[in-house]
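Down below is the structure, laid out as structure tokens.
Residue numbers run from 1 in the order of the sequence given. Whatever order the structure lists them in is the order used to number ligands and atoms, beginning at 1. Values below: every heavy atom of this structure, side chains too, minus hydrogens, waters and symmetry copies.
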Amino acid sequence: MTNKVLITGANKGIGFELARQLGHLGWSILLGARSEKRGQDAVDALKKDGVAAVEWIKIDYNNIETINTAAQMIQDNHSDLKVLINNAGIPGDMRKPGYEFELSELREVIDINFLANYAMIKAFLPILHKNDGRILNITIPIGSNSYWNPFAYTTSKAALNVMIQSLGINFEQNKIPIEIFGIMPGGITTDLNNNATGPYMKTVQEGGKVIVDLLLNGKNYQGQVINEWGVPAEYGAKDSAQS
Ligand SMILES: NC(=O)c1ccc[n+]([C@@H]2O[C@H](COP(=O)([O-])OP(=O)(O)OC[C@H]3O[C@@H](n4cnc5c(N)ncnc54)[C@H](OP(=O)(O)O)[C@@H]3O)[C@@H](O)[C@H]2O)c1
């Protein structure tokens, strides 16, 4: 049976590259994108690149209804979905000091990076439960320092990272056969960072490979948020809540 993955925000950047690399490994790709044009263009590009099975699925994190509709459609037509990759995300204004945000700006980033991912997990839980599925969230470290302090981005992803740990504990305690984890792949040159380059930045191909290798290495990362070397963040380490 072919492995099947749904990737959100897969029309460009890291999501597109994950679709490309997994597609070349023989995975069947459900390519989540909010825009039909950008989604179909990405599907066409992947087909041209040699990916055999790829289909656009409308998922707009600003419209929770599209998430529920996609889950129903996938339940009906792709009930063998094995992996959900919650990849879509936004950084908000990365330069503005934290005390200058309007609530509405902050709410927009939290809506996308945290609440929409929660809605994805809730909507796809029944399908993934049936298939012993996995949920991978693409994320960042929550720490800030004087060089890296994008307030809306880190606070929203902090909530995501804590959710990963919390749900991992719930799944384990309640014997729900779903693995949830996060990967912090490090800096990758994409539109999100205005295609920044530098000594600590990876190309999207390099970053995509880091993520694919961690996804397919056979290890179980239940409830953990791991870095590019597979090392869990301390707050995301298994059983850290009990120590
Ligand atoms: N780049 C990095 O250095 C880096 C490092 C660690 C983690 N990450 C994480 O990796 C993920 C992907 O980032 P990226 O660098 O590939 O960024 P990107 O190139 O800007 O791609 C972001 C993707 O998310 C989609 N998206 C944004 N808002 C959406 C919404 N409301 N509904 C549905 N899709 C939406 C975008 O779709 P549109 O084209 O329609 O806007 C696009 O497909 C993010 O979660 C980011 O936080 C990135």
Side-chain angles (χ1 to χ4, degrees), residues 6-21 29-43 45-46 56-70 84-94 105 107-120 123 135-143 147-148 150-161 163-164 181-212 214-215 225-229 233:
L6 168 63
I7 308 169
T8 64
N11 54 288
K12 68 174 183 176
I14 297 170
F16 179 82
E17 182 59 21
L18 293 176
R20 199 182 70 79
Q21 293 191 19
I29 309 295
L30 300 176
L31 185 147
R34 57 178 158 171
S35 143
E36 178 167 12
K37 164 99 176 66
R38 291 194 290 278
Q40 286 295 356
D41 284 352
V43 165
L46 288 175
W56 170 63
I57 309 282
K58 182 174 179 69
I59 296 184
D60 182 347
Y61 273 16
N62 286 121
N63 180 354
I64 300 301
E65 202 42 52
T66 65
I67 292 177
N68 294 327
T69 303
L84 164 63
I85 302 183
N86 283 327
N87 166 76
I90 55 171
D93 188 329
M94 295 214 266
E105 291 173 277
R107 194 171 282 130
E108 188 194 350
V109 182
I110 289 171
D111 272 347
I112 303 298
N113 291 350
F114 174 53
L115 291 176
N117 281 318
Y118 179 70
M120 284 294 299
I135 302 168
L136 164 60
N137 304 270
I138 309 300
T139 189
I140 60 167
I142 63 172
Y147 301 103
W148 170 252
F151 182 75
Y153 197 26
T154 47
T155 52
S156 60
K157 291 279 189 176
L160 174 70
N161 292 3
M163 172 169 71
I164 293 165
F181 66 113
I183 295 180
M184 309 175 285
I188 298 172
T189 304
T190 67
D191 289 349
L192 182 137
N193 42 45
N194 295 316
N195 295 292
T197 53
Y200 299 108
M201 299 298 290
K202 292 184 260 311
T203 65
V204 84
Q205 291 81 8
E206 292 165 343
K209 182 156 181 356
V210 164
I211 295 169
V212 168
L214 287 167
L215 177 67
V225 178
I226 57 173
N227 68 14
E228 59 194 284
W229 301 283

Verify the neighbour count for atom NZ of K58: are there more than 12 heavy atoms of other residues, nucleotides or ligands below 6.0 Å?
yes
Within a strict 4.5 Å, meaning less than it, do heavy atoms of the N117 and Y61 side chains meet?
yes
E228 vs K202 side-chain heavy atoms within contact, under 4.5 Å:
yes
How long is the span from the CD1 atom in I112 to the CG atom in N62, to the nearest 0.5 Å?
4.0 Å
Measuring from each atom of ligand 1, which residues have a heavy atom under 4.0 Å away?
G9, N11, K12, G13, I14, R34, R38, I59, D60, Y61, N62, N87, A88, G89, I90, I112, I138, T139, I140, Y153, K157, P185, G186, G187, I188, T190, D191, L192, N193
Treating N193 as the side-chain partner and T190 as the backbone partner, does any N or O pair qualify as donor plus acceptor under 3.5 Å?
yes
With the threshold set at 4.0 Å, does a side-chain nitrogen-carboxylate oxygen contact exist between K209 and E206?
no
